[in-house]
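Not measured: the values here are computed from a predicted model. A, B, ... follow the sequence lines: proteins, then strands. Residue 1 opens every chain.
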Amino acid sequence: MKRYNPLEIEEKWQQKWEKNKPYKVEIRPSVPKMFLAEMFPYPSGAGLHVGHVRNFTIVDVLTRFYEQQRLNVMRPFGYDTFGLPAENYAIKTGTAPQEVTKINIANFRKQAKRLGYAIDWDREINTSDPEYYKWTQWCFLQLFRKGLAYQKESYQWWCPVDQTVLANEQVENGHCWRCGHEVEKKKMKQWFFKITEYADELLEDIDALDWPEKIKTMQRNWIGRSVGAEIDFKVKDSAHSITVFTTRPDTIKGATFLVVAPEYSKLDYIVSDNAKEAVMKYRADALKKSEIERQENKEKTGVFTGAYAINPATKEEIPIWVADYVLAGYGTGAIMAVPYNDERDREFAEKFNLPIVETEIVDRDLYGTPKTTYRMRDWLISRQRYWGCPIPIAYDKDGNPHAIPEEQLPVMLPEIEDYKPDKTGRSALAKAKDWLKVSIPVKDSKTGEIHMEEMTRETDTLDGYACSSWYLWRYASPHDTEHAWNPEAISYWEPVDYYCGGDHAVAHLLYVRFWCKFFADEGYLPFREPIKKLLYNGYINAPDGKKMSKSKGNVIDPLDVINDGYGADTLRVYEMFIGPYDMDAAWDTRSVGGVYRFLNRCYNLCFDDDMFVLNDGDSDKNAIVRNKTIKKVTEDIHKCNFNTAVAALMEYVNELYKEGVTSDDLTALAKLLKPFAPHLASEMLEKLDSDDEWPKWDDKYLATDTVELVVQVNGKLRARITIDKQKLNDEATVIEIVKTNDKVAEYIKDGIKKTIFVKKANLVNIVV
RNA sequence: GGCCGAGUGGCGGAAUUGGUAUACGCGUUCGACUUAAAAUCGAAUGGGGAAACUCGUACGGGUUCAAGUCCCGUCUCGGCUACCA
């Protein structure tokens with residue numbers, strides 16, 4: 001007898017798929033489309049890990065499920081390749097990031113193919129490919145032309161190890177998200193995307209998204225809209241005034257002092273001569289303080305500026321303080337302190353003996369102008385690194401930025417020898433002297449004539465998140481040389497129907513929404529939300545329940561599991577069976593064996609003719625179980641309950657071992673199994689000489705003649721009685737049957753207070 | 001500190017949204033096959049009890065004919081966020 005040999009079967013089918021490209025898709029206007037994607041991976045040197053497998057397999061199950069229902073299903077694949085690891089590796093070894101990336105992509109591709117994913121491999125994209133980043137640069141220029149990509153001098157998070165600026169989203173607890181080193185503040189001129197322009201729409205459209213509530217809440221909090229007012233406070237004996245932002249303009253009469261942030265721009269003009277020294281020292285200290293220190297030490301600190309402001313409501317003189325509990329980047333960088341109502345102000349007032357007066361509430365609009373502010377800041381996008389998409393900008397001799405004309409795109413990353421950033425905070429690109437020079441056509445402002453002008457290229461590269469902000473649209477027409485995305489392809493395929501990932505709850509998932517709205521406004525996209533349904537999968541932890549990490553030595557390598565003889569199908573089914581897809585789960589090596597046994601049982605059912613003789617009479621019992629299973633698996637996949645779908649298939653197989661199997665059973669089993677274990681299922685379907693079209697269930701098999709009636713007395717289960725289903729229609733008959741049951745009679749001999757009959761649960765409860 | 005999840009056998013987890021708690025898998029035990037083992041097949045498996053029964057979904061209350069599910073309070077764990085005026 002033949003034995004289940006997954007490695008042999010899987011190789012056979014993978015070769016077929018490689019050759020026949022069954023998952024290659026094109027626009028078919030008359031067929032409904034389905035577009036699914038995972039968050040494309042960063043192809044690291046370590047190859048796929050079990051988390052990727054979970055993520056990709058979820059998408060694959062859905063892909064095959066809809067494909068078997070004959071929708072026009074697109075499932076592309078891509079690589080997010082710019083970023084620090086490849087560059088750091090280059091600095092260490094001298095190997096060009098281009099080379100390392102090429103090797104890593106080849107490895108990822110090979111491994112993804114080894115898992116049997118239904119990918120249209122002709123739609124593969126790579127963000128560091130000039131054919132791709134040409135269009136990333138094009139996107140940047142659209143934003144630049146509309147003033148949504150702009151430069152600003154400001155204090156920025158700076159990682160002294162990676163020697164680069166970081167976005168707010170990339171600072172975790174005061175540490176660099178990449179290397180973990182503590183970050184500092186540094187004043188620099190940087191590029192930003194004006195995401196705040198879309199703050200309101202980004203916030204309001206969250207409600208209608210079919211996304212997990214958790215992610216929606218995180219995005220709402222991140223945007224952090226506050227509705228309030230700005231109020232001017234005149235500085236006493238000065239031409240200056242201080243504008244504060246408050247959400248409680250109605251409490252202005254309780255404002256007994258003002259507080260400004262250490263970085264507050266007008267501080268120099270306000271501070272009195274005899275306070276100057278103390279204030280300047282306080283500011284210098286605050287700037288030096290790392291984020292960590294500011295967080296750990298919540299004890300209020302501050303100094304008096306020696307200046308006073310006039311409270312416009314009470315006309316009283318109130319002192320102006322400087323303190324680091326007021327943040328420069330939020331609101332106006334200055335607040336009116338109302339210690340009677342605000343906990344933080346009260347703490348400050350108590351510490352420095354400032355007056356606390358009971359607040360008399362006034363009309364909100366009396367002294368200020370209504371103003372809405374956001375926690376969200378503009379998106380810092382320039383990076384002082386080599387391995388990124390070059391920003392398509394050049395500077396004239398006065399330092400003014402000019403767009404590189406579209407016909408000069410892509411601005412290619414030059415090949416260089418030394419990838420190290422210099423200490424000035426400029427990227428290694430600054431060393432590519434020839435590359436820096438560029439000639440740009442400029443229109444003379446007076447004569448209107450166009451002449452070529454020598455300029456110097458921007459040496460910053462774009463944040464990798466910019467590259468991933470539009471890739472979902474590139475999938476629709478990945479090789480288009482005329483457009484970033486082809487309008488016809490976009491209107492057929494997009495937006496993405498299912499997008500699956502386990503990371504980037506705010507950053508990436510907010511940026512794609514921002515770009516979508518912008519490009520919709522520019523007329524390039526016919527929709528304003530890029531992702532219909534978001535699946536946010538959980539992590540897979542090590543068997544010890546901890547996060548897998550090389551240093552802990554608890555990493556499970558999915559390719560090891562396959563090559564140990566279990567095969568890709570077992571790995572796939574195991575990761576779907578491990579628990580609800582959106583919950584974290586711990587790896588359990590022994591349970592992998594259980595899944596293998598299940599697939600082995602499927603195999604034997606189909607191929608071991610000695611054990612299972614086909615019975616083509618197709619008994620009623622088989623038909624009932626089969627139809628029940630089809631319904632359960634279909635509904636479970638729709639609800640993304642992959643674990644219970646697998647359990648239902650296991651139950652079905654157990655039943656077939658008991659009751660015997662028909663060819664209809666085998667065909668149904670193979671079809672239902674295919675999304676999870678496509679190789680084995682294909683092998684079975686080949687033997688059965690069947691296509692893979694998704695089976696339908698017939699309700700007539702689900703309606704049985706008899707039903708088990710559950711009888712409770714005072715809510716406790718006392719009997720189960722099998723009765724004709726017909727009788728369920730008449731409550732009186734049912735109650736009569738129940739009462740005459742021997743077992744029940746025992747409990748109700750002292751009389752019945754009332755009876756409850758629940759038809760949909762086949763249940764009777766008797767209260768005595 | 002704030003917001004959001006979660007807590008069910010020895011373990012991972014099911015449970016039609018108020019209606020038979022513990023599906024499925026792992027582990028364990030027993031049996032069949034085998035000289036033997038592995039593999040495979042079959043059976044049992046929440047605690048107590050000989051049994052009838054009884055106790056059981058983190059803990060304490062409540063609503064209900066009926067609560068893992070709803071309400072109030074407490075504890076524990078996880079995630080996000082962290083002086084956002």
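A:Gly594 comes within 4.0 angstrom of sugar-phosphate atoms only, judged by non-hydrogen atoms across all strands, and of no base. Looking at heavy-atom distances under 4.0 Å, A:Asn654 makes contact with sugar-phosphate atoms alone, never a base. A:Ile766 comes within contact range of no nucleotide atom at all, as no heavy-atom separation falls under 4.0 Å. Residue A:Asn714 is classed as having no contact, given no heavy-atom separation below 4.0 Å to the nucleic acid. Among the protein residues, A:Tyr747 comes within range of the sugar-phosphate backbone only, with heavy atoms under 4.0 Å from sugar or phosphate atoms but none that close to a base. Here A:Lys760 lies out of heavy-atom contact (under 4.0 Å) with every strand. Using a 4.0 Å heavy-atom criterion, one finds that A:Arg718 contacts the sugar-phosphate atoms exclusively. Across all strands, A:Gln712 comes closer than 4.0 Å to base atoms (heavy-atom distances). Using a 4.0 Å heavy-atom criterion, one finds that A:Lys216 contacts no nucleic acid atom at all. Residue contacts for A:Val767: at a heavy-atom cut-off of 4.0 Å it reaches the sugar-phosphate backbone alone, with no base atom in range.
With both pairing distances under 3.5 Å, B:rA43 is matched to B:rU29 as a Watson-Crick or G-U wobble pair. Shown here, B:rA36 forms no base pair; nothing in the strands shown gives a Watson-Crick or G-U wobble contact with both key distances under 3.5 Å. The partner of B:rA14 cannot be assigned: no Watson-Crick or G-U wobble pair with both contacts below 3.5 Å exists in any strand. With a cut-off of 3.5 Å on both pairing distances, the Watson-Crick or G-U wobble partner of B:rC53 is B:rG48. Applying the Watson-Crick and G-U wobble criteria (two distances, each under 3.5 Å), B:rA58 pairs with B:rU74. Using N1 to N3 plus N6-O4 or O6-N4 for Watson-Crick, or N1-O2 and O6-N3 for G-U wobble, each under 3.5 Å, B:rC3 pairs with B:rG79. In this structure B:rA21 sits in no base pair that meets the Watson-Crick or G-U test at under 3.5 Å.
Between A:Lys547 and B:rG78, a side-chain N or O to OP1/OP2 separation shorter than 4.0 Å is absent. Taking 4.0 angstrom as the limit, A:Tyr330 places a side-chain polar atom (N or O) nearer than this to OP1 or OP2 of B:rA85. A:Arg601 has a side-chain polar atom (N or O) that falls below the 4.0 Å cut-off from OP1 or OP2 of B:rG42. Side-chain nitrogen and oxygen atoms of A:Arg346 include none within less than 4.0 Å of the OP1 or OP2 phosphate oxygen of B:rC83. Checking the phosphate oxygens (OP1, OP2) of B:rC53, a side-chain nitrogen or oxygen of A:Lys743 falls inside 4.0 Å.
Of the two residues near RNA chain B, A:Ala761 and A:Ser226, the one whose nearest nucleotide lies more 5' is A:Ala761. Each of A:Asn600 and A:Phe245 has a nearest nucleotide on RNA chain B; the 5'-most of these lies closest to A:Asn600.
The side chain of A:Phe577 sits closest to B:rC24 out of B:rC24, B:rG19, B:rC3. If you check B:rU40, B:rA82, B:rA85 against the side chain of A:Arg375, the one that comes closest is B:rA82.
Atom CD1 of A:Ile320 is separated from atom CE of A:Met336 by 14.5 Å, given to the nearest 0.5 angstrom. To the nearest 0.5 angstrom, A:Leu709 atom CG is 6.5 Å from A:Asn762 atom CG.
Around the CG atom of A:Asp207, the shell of radius 6.0 Å holds more than 12 heavy atoms that belong to other residues, nucleotides or ligands.
You won't find any donor-acceptor pair under 3.5 Å spanning the side chain of A:Lys214 and the base of B:rC80, going by distance alone.
Two rings, from A:Phe352 and A:Phe257, have their centers 6.0 Å or more apart. Checked against a 6.0 Å centroid threshold, the rings of A:Trp587 and A:Tyr574 count as neighbours.
As a whole-Å value, the separation of A:Tyr652 OH from B:rC24 P is 17 Å.
For A:Asp724 and A:Thr706, the side-chain atoms include no donor-acceptor pair closer than 3.5 Å.
Nucleotides B:rU16 and B:rA23 are separated by 13 Å at their C1' atoms, to the nearest Å.
Both tests pass for A:Lys300 against the ring of A:Tyr325: distance under 6.0 Å to the centre and angle within 45° of the axis.
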